[in-house]
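This report refers to the structure that appears directly beneath it.
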Amino acid sequence: MPGYELVFIVQPEMEEEPLTALVEKVTQNVSDLKGQVNQVDPWGKRRLAYPIKKHLEGFYFLMQVELPASAVRGLEKSLKLMEDVIRYLIMRRDETGTK
Amino acid sequence: MATDTEGQQQTAPPQRTERSQRDVQRRRRTFHPRARKRCAFCEKKALQIDYKKVDLLKNYMTDRGKIKPRRRTGLCARHQRRLTTAIKRARHLALLPFTIKYLRTS
């Protein structure tokens with residue numbers, strides 16, 4: 001199973017409780033797709049370089065995920081359906097650095 | 001005779017027209033190319049290009065948010081290519097701007 005890096009941005013008006021629930025939901029989604037989340041790294045609220053859906057800030061989350069290659073599309077689909085996620089990026093871990 | 005021509009050359013520069021002065025400047029620029037900078041990422045192998053390292057990537061952008069060309073960054077082709085994809089990924093995540101619209105010039 002290749003390792004992936006997942007970054008997603010959540011809209012800033014989120015309270016703390018639904019925020020953890022959302023992270024939980026993403027984790028659940030990954031395990032539903034027969035993968036596993038190895039690490040969650042919340043960057044906290046950051047200012048966006050340009051407005052996305054009229055938001056100027058967002059909560060950033062970085063996740064280290066293991067996922068079967070065929071399940072990446074499924075994860076993308078589920079992230080697209082979450083309205084509180086305003087942007088995401090899934091990358092293979094061996095492509096993130098230079099190498 | 002030799003002394004005559006020398007005297008002429010010394011008085012000649014102030015008489016130059018604006019046009020010919022520009023020509024001289026242009027010639028000088030092409031005549032002395034700067035020594036090529038070495039690629040920073042080849043020199044320092046530990047330094048990895050990563051879309052998450054916003055502060056590193058910012059060094060390779062103009063103050064308008066454009067990606068600096070290779071002749072300004074001094075990077076090798078391979079690292080310049082990796083740098084551009086990293087910057088574009090960071091832009092997608094709104095870590096870096098696509099443009100800076102209103103820039104104060106004064």
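Here the structure is a predicted model, which is why all the values come from computation and not from measurement. A, B, ... follow the sequence lines: proteins, then strands. Residue 1 opens every chain.
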Legend entry - Contact listing (chain B partner; residues 58-78 of chain A; heavy atom under 4.5 Å): A/Y60, A/L62

Legend entry - B/E43 atom CD: more than 12 heavy-atom contacts under 6.0 Å: yes

Inset, instruction - Check whether any side-chain N or O of A/Y50 sits under 3.5 Å from a backbone N or O of B/R91 as a donor-acceptor pair, and report yes or no. - result: yes

Inset, instruction - Give, as side chain, backbone, both or neither, the part of A/I52 having an atom under 4.5 angstrom from any heavy atom of chain B. - result: side chain

Legend entry - Where A/I9 and B/L93 come nearest, the two heavy atoms and their spacing: CD1-O, 3.4 Å

Legend entry - More than 12 heavy atoms from other groups under 6.0 Å of NZ on B/K68: yes

Legend entry - Minimum side-chain heavy-atom gap B/H92-A/Y88 below 4.5 Å: no

Inset, instruction - To the nearest 0.5 angstrom, please state how far the CE atom of A/M91 sits from the NZ atom of B/K52. - result: 7.5 Å

Inset, instruction - Decide whether A/L48 and A/V85 are clustered together by the hydrophobic rule: side chain heavy atoms of Ile, Leu, Val, Met, Phe, Trp, Tyr closer than 4.5 Å, transitively. - result: no

Legend entry - A/I90 with A/V10, same ILVMFWY side-chain cluster at under 4.5 Å: yes

Legend entry - In one Ile/Leu/Val/Met/Phe/Trp/Tyr side-chain cluster, 4.5 Å: A/L6, A/L19: yes

Legend entry - Cluster check A/Y4, A/V30: I/L/V/M/F/W/Y, side chain < 4.5 angstrom: yes

Inset, instruction - Indicate, with yes or no, if B/L96 and A/W43 share a hydrophobic cluster defined by side-chain heavy-atom contacts under 4.5 Å among Ile, Leu, Val, Met, Phe, Trp and Tyr. - result: yes

Legend entry - Heavy-atom pair of closest approach, residues B/L95 and A/A49: C-CB, 4.0 Å

